[in-house]
Each structure stands twice: as C-alpha cells, then as structure tokens.
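Working notes for the structure below.
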Amino acid sequence: MRDNCFDNFDYQLIHVCKQTGARAGILKTPHGEIKTPIFMPVGTNSAVKTLTGDQVRNTGAQIILANSYHLYLRAGTKRIKQFGGIHGWMNWDKPVLTDSGGFQVFSLAHLRKITEDGVEFRDPKDGKKHFISPEVSMEIQQDIGADIIMAFDECAPYPCDYDTAKKAMDRTHRWLERCFKAKTNPKQALFPIVQGAFFDDLRRESASVISTFEAAGYAIGGVSVGEPADVKNHFVELTAPLLPVNKPRYLMGVGTPEDLLDGIKFGVDMFDCVLPTRNARHGSFFTWDGKKNIKNKQYEDDALPLVEECNCYACRNHSRAYIRHLWRCQESTASTLLSIHNIQFLVEFSQRCRDAILTDTFGDFYQQHYKNFV
RNA sequence: GCGCCUGUCGUCAAGCGGUUAAGACCUCGGAUUGUGGUUCCGAUAUGCAUGGGUUCGAAUCCCAUCAGGCGCC
C-alpha cells in the first residue's frame with residue numbers, strides 16, 4: 001500500500017445481500033455520512049441545473065458533484081477558495097465530490113493536446129489556452145475543497161484499439177502516482193480511477209494497479225462513453241469485484257434506473273449521472289414503467305402526479321396536466337419540477353435498493369423492476 | 001339583395017401557370033449516461049373549399065356553387 005493522508009473518512013460495509021452480493025454500507029466524510037448504494041446528482045457549475053440548494057436538499061440527495069474543469073474556467077477556483085471552498089461558495093453543507101477534469105479531456109477531445117506532462121486545451125468560450133496536469137488538477141480540487149476528489153485520468157474513447165487503450169491506461173496510472181504525491185489536504189479523499197477501456201486484461205491490470213494505492217474509495221471510469229449496455233455491463237461485472245472489498249466503489253457517469261440495478265448487483269456503491277437533470281430539461285421523467293415524456297398529449301388533462309407513489313415535491317403538489325402546461329409555455333419551473341422528480345426518483349430508488357439488500361431480497365427487487373425499465 | 005375581399009395539413013401560413021406543394025407551431029416517435037445540450041434527429045397534405053372549364057401542363061387563369069369577413073342598401 002502506498003501512503004495517503006485522509007482523516008475523517010470511514011467506510012463500513014454493513015451488509016452483503018445473500019441473493020446477489022449487492023452491498024449496503026455507510027461512508028463517513030467530513031460533511032456527513034452517505035448511505036450506500038447512492039445516486040449523486042451532478043452540479044457541474046456548482047449548481048444542480050434549474051434547482052436551488054434547498055430544492056436539491058429536499059430530494060434527499062446526500063452528496064452532489066461539481067466539476068473542476070468548468071469551475072476552473074468560470075468562477076475560478078481561487079475565488080471559490082476565498083468564499084470558503086465549494087461548501088461556503090454554494091452554501092451546501094453536505095458532502096461534495098469533484099471530478100478532476102479528466103473526463104473533459106475525453107469529451108472535449110477536439111480542443112486539446114495530451115502529453116505525458118498533462119493536457120493543453122482551449123477554453124471553448126473564449127479560446128484561451130490552459131494547461132491541466134495531475135498536479136494542477138490536485139491544486140484546483142484542493143482549492144475547491146470537495147470532500148471527495150478524483151484522480152486526473154485519461155478516458156479512452158469507444159471504440160478504441162488495444163494500443164491506444166493501453167497507453168491511456170498506463171498514463172492514467174503514472175498520473176495517479178503524481179496525484180497522490182500532490183494531494184496534501186487530509187480532509188479530502190482522493191479516489192483513484194480504473195481505466196483500461198474495453199479489454200478484459202487491461203481492466204484487470206488497472207484494477208490491480210490502482211488497488212495498490214491506499215484510498216478511501218475507488219472508481220470505475222471509462223464507461224458510458226457510447227458503448228452498448230451489454231458491453232458496459234460486462235466490464236462493470238468484471239471490474240467491480242476486483243476493487244478492495246472494504247472500500248466504496250464508484251461507477252462514474254452511470255445512471256439510468258436499470259444501470260443502477262445492474263451496477264448494484266455487481267457490487268457498485270456510488271453512481272452519478274447528468275441524466276435526471278438533462279432528461280428533465282428535455283421533458284422526460286422517470287417512472288417505475290420506464291421514462292415518459294411530459295410533452296405527450298395524453299397528459300393534457302391528466303390530474304395524476306408524475307408518479308403516483310412518489311414523495312417528491314412535484315408529485316406531492318402538482319398534476320401532470322399542470323407541469324405539461326408549464327412546459328408548453330416554456331416556463332422554467334417545468335424543468336425544475338421534472339428535475340426534482342427525476343433526482344428524487346433515483347435517490348429513493350437507490351434507497352429502496354439498499355432496503356432490499358439489507359433484507360437479502362435485492363435479487364427479487366431486481367427481477368421485479370428491471371424488465372419495466374428496458 | 002348588391003359590391004368587394006378571402007378560402008393551401010389540427011393551427012398560422014409560403015407559393016401567384018411548369019420537376020416529388022416552403023417554413024413554423026401542434027401532434028407522434030427516437031436520442032441523451034464523470035453536462036460545450038431548456039438540445040438534437042426523424043415522421044406526418046397523392047393534397048391546395050366543392051364542381052366544371054381553359055391549357056401540353058393549374059393551388060396558381062375563367063365560371064358556378066358553398067363558407068367566412070368587410071362595406072352599402
């Protein structure tokens with residue numbers, strides 16, 4: 001094990017479902033506990049799109065994400081530090097996780113140049129050149145001050161050849177070493193990330209390498225990059241069990257309800273995804289029978305809530321007809337209500353998975369619901 | 001009763017004699033997974049109020065009828 005410093009973090013694996021091997025646990029952070037498995041909403045620019053902090057809190061979200069790359073470019077991470085870090089800046093007192101900017105190296109590929117030292121890229125808004133290395137990413141993330149920070153990695157595209165995948169993975173491992181050296185704040189936990197694209201041996205190698213780093217949790221990256229669902233599932237199933245049993249496992253960028261069911265079944269504990277908020281801004285909402293779209297005419301006179309048993313603010317207060325009306329009038333409240341619903345749906349969904357795990361019935365839960373989502 | 005104007009998809013409309021009748025909205029469907037997306041993609045009129053006529057050819061010209069609007073008795 002390599003050295004790493006993190007205090008105030010602790011993970012307890014509370015129970016493993018006898019039917020499936022799915023895990024229930026508690027992750028302690030400096031800003032509170034997180035009961036896993038958990039879905040984490042994404043707030044790229046230090047805001048969950050269309051929602052106020054109270055609205056996010058009321059969905060039951062236990063932790064939210066922010067993005068180093070975007071906050072570095074806009075707001076500026078020194079400014080955020082001056083405002084008391086991300087918690088003071090956005091007035092959010094629960095745990096926060098920041099992504100390292102590594103994913104943007106992948107998703108904004110046409111604007112960057114990768115070298116061993118780091119990544120040079122242009123701000124898409126003003127064209128200015130910037131440079132992020134593992135050391136810079138750690139500095140940025142320490143200024144932002146999230147509880148959990150992520151290693152600066154290189155996410156290979158899909159599809160990609162073996163050589164490209166291996167080079168990206170090896171570089172990710174070398175960068176990980178540098179991240180651990182550069183990271184100094186013991187109130188932050190640095191999660192390493194498995195890469196290896198879509199090759200079994202690379203995934204095994206990567207999981208093995210990153211497990212030699214002492215960390216408060218471990219992530220699976222490089223999925224949800226356009227690959228088919230069965231491919232993703234194969235690699236999550238392969239990778240998750242290779243990570244340390246006594247630490248939380250975070251599957252990055254994943255989250256439809258069916259993805260959560262699969263991930264949890266394979267032993268994943270944490271998920272994040274932009275889908276609930278993005279889908280909300282596109283009019284669609286999660287239900288136990290798959291996603292639906294509020295734009296559809298069938299909801300014109302529908303007095304029911306989005307989901308009948310749902311406890312979210314939108315469902316407790318408003319009809320489908322009303323939300324559809326707001327949508328058609330282009331009132332931003334429509335996106336807000338749908339975002340509240342979608343986030344709370346996934347948060348409560350992960351809680352129900354947890355309940356099932358604790359009673360050794362997650363296999364039944366999976367069977368009962370999976371088919372309705374796909 | 002007379003005169004004038006108008007009748008193109010559910011709606012608003014472009015087209016004003018010449019290949020498969022723009023576009024928008026609506027409707028329906030699809031996409032979206034560590035957020036460059038309140039976004040993107042696709043489908044939907046064998047039809048131009050109705051019936052005749054002119055013409056090689058008509059949504060486009062002519063006549064009649066019907067419907068709506070305006071004006072005048």
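Residue numbering restarts at 1 for every chain, and letters A, B, ... go by the order of the sequence lines. Not measured: the values here are computed from a predicted model.
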Write down the distance between [atom1] ([X]) and [atom2] ([N]), rounded to a whole number of angstrom.
X	N	atom1	atom2	value
A:L73	B:rU35	CG	P	13 Å
A:N293	B:rU32	CG	C1'	12 Å
A:I294	B:rC26	CD1	C1'	17 Å
A:K292	B:rG29	NZ	P	11 Å
A:Q330	B:rC25	CD	P	10 Å
A:I193	B:rG34	CD1	P	13 Å

[N] versus [M] - spacing of their [atom1] atoms, nearest Å:
N	M	atom1	value
B:rA14	B:rG23	P	15 Å
B:rA58	B:rG51	C1'	15 Å
B:rA22	B:rU60	C1'	15 Å
B:rC16	B:rC72	C1'	30 Å
B:rG10	B:rC48	P	13 Å

Touch class at under 4.0 angstrom, heavy-atom based, for A:G101 against every strand present: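 Nothing, no heavy atom under 4.0 Å.
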Sugar-phosphate only, base, or nothing, as touched by A:E154 at under 4.0 Å among non-hydrogen atoms: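 Nothing: the residue A:E154, judged by heavy atoms under 4.0 Å, touches no strand.
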Aromatic centroids of [Y] and [X] separated by under 6.0 Å:
X	Y	result
A:H341	A:Y313	no
A:F286	A:F373	no
A:F271	A:F39	no

Among the candidates [options], find the nucleotide nearest to the side-chain atoms of [X].
X	options	answer
A:C273	B:rG34, B:rA31, B:rU38	B:rG34
A:K49	B:rU35, B:rU32, B:rG34	B:rU35
A:W327	B:rU38, B:rA31, B:rG34	B:rU38
A:T44	B:rU32, B:rU35, B:rC28	B:rU35
A:H282	B:rG37, B:rU35, B:rG36	B:rG37
A:S107	B:rG34, B:rG29, B:rG36	B:rG36
A:R324	B:rG34, B:rU27, B:rG36	B:rU27
A:M252	B:rC26, B:rG34, B:rU35	B:rG34

Test item: A:Y218 and A:V194 side chains (from C-beta on) under 4.5 Å apart, heavy atoms: no
Is any N or O donor-acceptor pair between the side chain of [X] and the base of [N] shorter than 3.5 Å?
X	N	result
A:T277	B:rU35	yes
A:D153	B:rG34	yes
A:R278	B:rU32	no

Closest contact, heavy atoms only, A:K247 versus A:R23: O-NH2, 2.9 Å
Phosphate-side-chain proximity, A:N279 and B:rU39, N/O vs OP1/OP2 below 4.0 Å: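 A:N279 to B:rU39 OP1/OP2: no side-chain N or O under 4.0 Å.
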side-chain N/O A:Q104 vs B:rU35 OP1/OP2, d < 4.0 Å: yes
Side-chain donor-acceptor pair present, A:T59, A:Q55, cut-off under 3.5 Å: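 Looking only at side-chain atoms, A:Q55 and A:T59 do not form any donor-acceptor pair under 3.5 Å.
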Donor-acceptor pair, side chain of A:R354 and main chain of A:P37, under 3.5 angstrom: no
Assigned partner base of B:rA21, Watson-Crick or wobble definition, under 3.5 Å: none
First encountered from the 5' end of RNA chain B, between A:E331 and A:D99: A:D99
